[in-house]
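Values below: every heavy atom of this structure, side chains too, minus hydrogens, waters and symmetry copies. These numbers were taken from a predicted model, which means no experiment stands behind them. Order of the sequence lines sets the chain letters (A, B, ...), proteins ahead of strands, with each chain counted from 1.
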Amino acid sequence: MYEFDYHTPQTIDDARALLSGRDDPKLLAGGQTLLPTMKQRLAAPSDLIDLRKVTGLDGITGAGDTLRIGAMVRHAAVAASDEVRQAIPALAALAGGIGDPLVRHRGTLGGSIANNDPSADYPAGCLALAATISTDRREIGADEFFLGMFETALEEDEIITGVAFPVPRKAGYAKFPNPASRYAMVGVFVAQTGNAVRVAVTGAGPGVFRVPAMETALASDFSAQAIADISVPSDGLLEDLHGSAEYRANLVTVMAKRAVQSAL
Amino acid sequence: MPTVTMTVNGKQRSAEAETRTLLVSFLREQLGLTGTHVGCDTSQCGACVVHVDGVAVKSCTLLAVQADGAEVTTIEGLAKGRELHPIQAAFKEHHGLQCGFCTPGMIMTAVDMLRRIPEPDEPTIRAELEGNFCRCTGYHNIVKAIKAASEAM
Ligand SMILES: Cc1cc2nc3c(=O)[nH]c(=O)nc-3n(C[C@H](O)[C@H](O)[C@H](O)COP(=O)(O)OP(=O)(O)OC[C@H]3O[C@@H](n4cnc5c(N)ncnc54)[C@H](O)[C@@H]3O)c2cc1C
Ligand code: FES
Ligand code: FES
């Protein structure tokens with residue numbers, strides 16, 4: 001790892017000032033993606049701006065039909081939260097299935113969605129639940145937020161403060177984890193909110209995406225049977241030593257059915 | 001160079017460290033606590049697990065400066081004098097180690113596991129060990145040792 005300057009601002013304003021005043025600064029949240037990347041010298045920021053002391057990024061609050069989770073809330077805290085388990089059990093289950101307990105003790109919601117790894121779990125939850133991402137300057141709908149592989153709508157110096165999840169009637173998440181990394185080979189999050197259904201897929205493509213054909217079928221019949229014959233084309237899906245594009249396309253249907261079956 | 005101060009195994013310790021110093025290097029090289037091991041470069045093996053402010057984390061994926069002001073417990077902090085921690089005793093009793101390289105991390109993860117889940121069943125123990133690798137593949141006895149410790153504690 002290359003040397004850098006380390007900062008622990010106490011407010012969003014101070015963090016933003018550091019972000020705009022330095023050469024090549026990076027925010028540090030749980031460090032579970034950024035530090036391994038820096039250890040391999042794939043990233044060499046001039047400054048790390050640790051968010052751990054910044055106020056206002058913590059906490060889980062439920063207000064009626066919305067659940068708000070702060071950017072710095074750790075995966076383990078989401079998994080164990082009574083509020084999340086009651087309002088959106090599928091989201092608690094998603095958080096509890098990220099990596100391993102040690103990663104979950106450090107990794108954060110904000111870090112995960114800012115990074116937007118094509119195999120990460122949270123992007124699927126945010127997109128299917130039609131979450132709204134709050135930053136230091138605006139609110140961004142999940143449909144506009146996730147752009148492609150490791151790409152988001154965030155500006156260089158923009159700080160995620162939290163995510164608001166509309167509480168669905170029913171939601172389920174099913175992931176086929178890569179046996180080595182635990183990231184999703186394919187993960188499908190299904191959410192029924194009001195009369196609409198949204199289906200979001202991670203791990204299969206270069207970024208998280210929705211499956212409109214499944215959404216329509218599930219809106220009229222919320223059952224695994226209703227989507228058993230719907231598959232996504234394998235064109236453009238990820239292909240690597242863990243699985244071919246065709247294999248991943250097949251897994252999308254399998255995981256979507258499991259997600260519907262698990263929906264509570 | 002910043003001075004990093006933390007409470008390690010109940011004692012306040014201070015040392016200078018570069019910002020890029022990982023917690024595991026700080027513990028091993030600056031403080032001489034070599035019980036915590038490094039088994040990989042990719043944050044996957046769990047040989048380096050310690051507790052920071054009461055929860056188990058990979059000390060190779062945390063900067064020493066991030067733990068400034070924290071309470072840290074390492075494998076050296078578990079035994080009371082000559083009396084082993086019940087999980088250490090169970091690993092000994094049930095042959096939960098072969099070469100011993102993964103053992104400090106396994107035990108620190110197990111202590112954290114039993115704090116959260118006092119009576120885990122076998123599938124739970126295996127799932128909770130997802131972040132700890134044993135190159136000697138001694139998982140069977142590791143699981144047995146943790147189960148026995150949970151019953152003894
Ligand atoms: C062994 C291992 C297994 C894993 N398995 C999984 C898995 O199964 N599924 C999964 O989804 N993930 C997995 N992860 C990744 C993990 O979830 C990370 O915690 C997460 O991707 C990044 O969150 P972080 O808080 O650690 O962010 P960091 O590593 O600190 O930061 C990541 C990026 O986000 C930026 N950032 C952080 N916070 C903010 C913010 N508030 N606003 C704007 N930008 C910000 C940083 O600048 C950086 O570019 C795994 C990681 C490891 C090491
Ligand atoms: S040394 Fe392998 S996870 Fe820390
Ligand atoms: S006992 Fe040798 S690595 Fe586990």
Side-chain angles (χ1 to χ4, degrees), chain A residues 1-8 10 22 25-54 72 74-77 79-80 93 96-108 111 175 177-183, chain B residues 1-4 17-25 36 38-70 105-106 108-117 120 124-133:
Chain A
M1 197 184 291
Y2 292 107
E3 193 55 357
F4 49 83
D5 287 332
Y6 174 79
H7 313 269
T8 49
Q10 317 249 350
R22 306 278 154 162
K26 268 219 172 288
L27 295 171
L28 176 65
Q32 300 302 291
T33 293
L34 185 52
L35 294 176
T37 313
M38 289 172 65
K39 280 163 71 174
Q40 291 180 43
R41 298 190 166 178
L42 295 172
S46 63
D47 294 77
L48 281 191
I49 302 161
D50 193 341
L51 293 173
R52 72 185 161 103
K53 292 188 180 166
V54 174
M72 282 298 281
R74 318 271 175 190
H75 308 330
I98 294 175
D100 57 56
L102 317 156
V103 168
R104 296 197 288 273
H105 280 148
R106 298 289 311 168
T108 68
K175 131 159 133 167
N178 177 312
S181 77
R182 318 311 297 169
Y183 276 92
Chain B
M1 251 193 284
T3 300
V4 179
E18 289 185 313
T19 55
R20 63 177 162 178
T21 304
L22 299 170
L23 178 60
V24 68
S25 319
T36 304
V38 176
C40 74
D41 277 336
T42 51
S43 304
Q44 283 176 311
C45 77
C48 62
V49 174
V50 302
H51 297 183
V52 174
D53 290 331
V55 299
V57 301
K58 292 171 179 169
S59 62
C60 73
T61 313
L62 189 72
L63 302 167
V65 287
Q66 285 178 284
D68 188 47
M106 287 286 178
M108 295 313 285
T109 295
V111 172
D112 179 81
M113 180 194 315
L114 296 188
R115 169 184 66 80
R116 287 179 289 115
I117 316 166
T124 305
I125 296 174
R126 289 184 184 274
E128 287 284 321
L129 290 178
E130 208 73 83
N132 292 80
F133 298 172

Exercise for the section: Against chain A, work out which of B:V52, B:T109, B:L63, B:V49 has the most heavy-atom pairs shorter than 4.5 Å and name it. Expected result: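 Greatest number of close heavy-atom pairs with chain A: B:L63.
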
Practice task
Identify which of B:C60, B:P2, B:G46 forms the greatest number of heavy-atom pairs closer than 4.5 Å to chain A.
Solution key: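 Most heavy-atom pairs within the cutoff with chain A belong to B:C60.
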
Rounded to the nearest 0.5 Å, what separation is found between the [atom1] atom of [X] and the [atom2] atom of [Y]?
| X | Y | atom1 | atom2 | result |
| --- | --- | --- | --- | --- |
| B:R116 | B:T124 | CZ | OG1 | 11.0 Å |
| B:M108 | B:M113 | CE | CE | 12.5 Å |
| A:L102 | B:E128 | CG | CD | 9.0 Å |
| A:I98 | A:K175 | CD1 | NZ | 6.5 Å |

Could you look at [X] and say if it's the side chain, the backbone, both or neither that has a heavy atom under 4.5 Å from chain A?
| X | value |
| --- | --- |
| B:E18 | both |
| B:V57 | both |
| B:L62 | both |
| B:D68 | both |

Exercise for the section: Heavy-atom pairs under 4.5 Å with chain B are the metric here; pick the option from A:D50, A:L35, A:D5 that has the most. Expected result: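 Most pairs with chain B among the choices: A:L35.
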
Practice task
Output the option from A:E3, A:R182, A:M1 having the highest count of non-hydrogen pairs under 4.5 Å with chain B.
Solution key: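 Highest number of heavy-atom pairs under 4.5 Å: A:E3.
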
Practice task
Taking atom types as modelled, find out whether A:D47 and A:H7 have a side-chain donor-acceptor pair closer than 3.5 angstrom.
Solution key: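 There is such a pair between these side chains.
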
Exercise for the section: Kindly check if the number of other-residue, nucleotide or ligand heavy atoms within 6.0 Å of CG (B:D41) is above 12? Expected result: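 Counting other residues, nucleotides and ligands, CG of B:D41 stays at 12 neighbours or fewer.
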
Practice task
Check whether A:A180 gets within reach of chain B through its side chain, its backbone, both or neither, counting any heavy atom under 4.5 Å.
Solution key: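 Just its backbone gets close to chain B.
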
Handout entry: Interchain contact, A:L28 with chain B, by part (heavy-atom threshold 4.5 Å)
Key =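 The side chain, not the backbone.
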
Handout entry: Axial cation check for A:Y2 ring with B:R20, 6.0 Å and 45° limits
Key =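 No, cation not above the ring by the 6.0 Å, 45° rule.
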
